[in-house]
> 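Here you go, one structure.
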Amino acid sequence: MRKPVVALVGRPNVGKSTLFNRLANERLAVVDDVPGTTRDRLMAEADWAGINFSIIDTGGIDPTQTGPGKAQEPLSIGSADFIADIRFQAEIAIQESDAVIFITDVESGVTPADQEVAQILRRHQQDVNGQLWPPVLLAVNKCESPARQNDVYQFYELGMDEPYPISALHGTGTGDLLDALVDTFKDWIGEQEEDDSVKIAIVGKPNVGKSTLLNRLAGEQRAIVSPIAGTTRDAIDTQITYHNEPITLIDTAGIRKRGKVEPGVEKFSVLRSMQAIERADVALLLIDAEAGVTAQDTHIAGYILEAWKSCVVVVNKWDAIEKSNSTMSDYTQHVRRELNFMDYVPVIFVSAQTGQRIHQVLETALQVQDERVTRLSTSHVNRIIREALDNHPPPSKAGHHLKIYYGAQVRSEPPTFILHVNEPKLAHFTYLRYLENQIREAHPFLGTPIRIILRPRSE
């Protein structure tokens, strides 16, 4: 099921990024005392009371910055250029979210910018079965003392129901805020239907033919196709059935290098693409046959691997390549060489434009998904481990040897193996790679990463 999405919004310098880091339990967002530091949105996972949700940090909304004669807060150098972009990103975050935390600052009191942010929020809320959606929770930050907590009542004038006094820096009051937050989407989570379709994300750099492939697989014009890079801005879900198997195809915006991602819409598109990879079971990594495997293709492959998703490399525009008897073999070697950290992925050659070998795309993706859910018996796993140890014992480290007592596959999606050992620090990554290769010899787990976890025997 899809996780609820919570947007943190408010004017600049009220502590959105500080609260984001606290909820994410790590320092992900740049925090600075100068308003305007956060320009693009960040996303992270959080949980409270056993409920997992995603949080989006946004740039500050300050409508008072636009228009002549309006009071202006000092912004960091260059941030004034991003006022419209910051507001645009935050508005889209509101539209994307299942709940909103509107953050204000007790030190500054209710400002004209707070009033206008409240109006923006009300304008984006809709009446759903007698309730406003998305729900908005008002958090008054920097309430470190009882005196400051008594000052929160002035924020009732924003018309946002009960204000929650918090200190994002110290964590004071955040528990009450989160209790109220998860209450807003408990019923919504319960109403969601389980989606048992295979989710396949089509990812790649801009202009490699992702939307054309989607249209070809869906059998109809479901996405805008254009030679202009960046036409697709959202992740688009398309439901199809293939050989009686329900499939959700997720088309995404092209992912560019971080330094070449433009502010605003394109950064939002990259975020959506990353979400699509996170939601997928299998990612189709499209590569332009004429361009070959580029540095950005390897970056995207790295994103897929970091998310532990299965992958199929789809070399598109194959019809545009002059071929000989060895062209396909040579190109496969090129892909294997450039993506050597994913040598387990299948490589197929298609033309989304002409339909050449297009039937292989879903066939291969479903085969990879079958491998992704495979479970090996404990006896089989231990037989593989024993043979691996007999053929190639672990090297010593400062006179000590790694000892592997037994192992088991504890989960699938992705296949995860726990090995009980004497001392995990004695395991070199090259030996773990050797063990992974031995497992793949027994069962290939085509297109699927394998996770190996070492656990001390005492555990």
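When a residue number appears, it is its place in the shown sequence, counting from 1.
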> Per the side-chain hydrogen bond (donor to acceptor under 3.5 Å, both in side chains) rule, which among E413, E371, R372, Q369 passes with S310?
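Exactly one pass, corresponding to R372.
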
> For the pair Q409 (side chain) and T374 (backbone), establish whether a donor and an acceptor sit closer than 3.5 Å, ignoring hydrogens and angles.
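Answer holds: yes.
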
> Which atoms form the tightest heavy-atom contact between P165 and V152, and what is the distance?
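Looking at all heavy atoms of both residues, the closest pair is CB-CG1, 3.6 Å.
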
> Are side-chain N/O atoms of D179 and W48 paired as donor and acceptor at under 3.5 Å?
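Judged by distance alone, the side chains do pair up.
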
> Report the C-alpha distance between V140 and D151 in whole Å, list the side-chain angles of each, state the deciding distance to 0.1 Å, and finish with yes or no for side-chain contact (heavy atoms from CB on, under 4.5 Å).
CA-CA 9 Å; V140 183; D151 291 337; over 6 Å; no

> Are any non-hydrogen side-chain atoms of K309 and D281 less than 4.5 angstrom apart?
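No, side chains not in contact.
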
> Between the side chain of R148 and the main-chain N/O of K142, is any donor-acceptor distance below 3.5 Å?
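Side chain of R148 to backbone of K142: a pair is present.
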
> Is the closest side-chain heavy-atom distance between C311 and M342 below 4.5 Å?
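Result yes, sub-4.5 Å side-chain heavy-atom pair found.
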
> Going from CZ on R11 to OG1 on T111, what distance comes out if it is rounded to the nearest 0.5 angstrom?
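Going from CZ on R11 over to OG1 on T111, the span is 4.0 Å.
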
> Would you say the side chain of I200 lies within less than 4.5 Å of the side chain of L362, judging by non-hydrogen atoms?
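Answer yes - side chains close enough.
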
> Going by heavy atoms in the side chains, are Y344 and I450 under 4.5 Å from each other?
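No - every pair of side-chain heavy atoms lies 4.5 Å or more apart.
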
> Rounded at 0.5 Å granularity, tell me how far CD1 in I358 sits from CD in E363.
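The distance works out to 11.0 Å.
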
> Under 4.0 Å between a Lys/Arg side-chain N and an Asp/Glu carboxylate O for D343 and R433?
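Looking at D343 and R433, the cut-off is met.
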
> Closest heavy-atom contact between R440 and F445?
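Scanning both residues completely, I find the closest heavy atoms to be NH1-O, 3.0 Å.
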
> Do you know which of T364, L286, V345 makes side-chain contact (heavy atoms from CB on, under 4.5 Å) with V312?
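Only match with V312 under side-chain contact (heavy atoms from CB on, under 4.5 Å): T364.
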
> Please assess V293 against T298 for the test side-chain contact (heavy atoms from CB on, under 4.5 Å), listing each intermediate value before the final yes or no.
CA-CA 7 Å; V293 180; T298 63; 4.0 Å; yes

> Counting only heavy atoms from other residues, nucleotides and ligands, does the tally under 6.0 Å from OH of Y153 exceed 12?
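No, because the 6.0 Å sphere around OH of Y153 holds 12 heavy atoms or fewer from other groups.
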
> Any side-chain donor-acceptor pair under 3.5 Å between H170 and T172?
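There is no such pair between these side chains.
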
> Decide side-chain contact (heavy atoms from CB on, under 4.5 Å) for I101 and L177; before the verdict, give the C-alpha distance in whole Å, the side-chain angles of both, and the deciding distance to 0.1 Å.
CA-CA 9 Å; I101 297 178; L177 175 66; 4.2 Å; yes

> What's the shortest heavy-atom distance between R22 and L169, and which atoms?
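Smallest interatomic distance, heavy atoms only, reads NH2-O, 2.8 Å.
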
> Hey, which of D105, I103, L19 is the one that makes side-chain contact (heavy atoms from CB on, under 4.5 Å) with N141?
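In the set D105, I103, L19, the residue that makes a side-chain contact (heavy atoms from CB on, under 4.5 Å) with N141 is I103.
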
> Please report the shortest heavy-atom distance between Q239 and S197, naming the atom on each side.
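In this case the closest contact between Q239 and S197 is OE1-OG, 4.3 Å.
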
> How about Y406: does its OH atom have over 12 heavy atoms from other parts shown lying under 6.0 Å from it?
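Not buried by this count: 12 neighbours or fewer within 6.0 Å.
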
> One pair to check against side-chain contact (heavy atoms from CB on, under 4.5 Å): Y242 and L366. What are the steps and the verdict?
CA-CA 10 Å; Y242 183 77; L366 291 178; 3.7 Å; yes

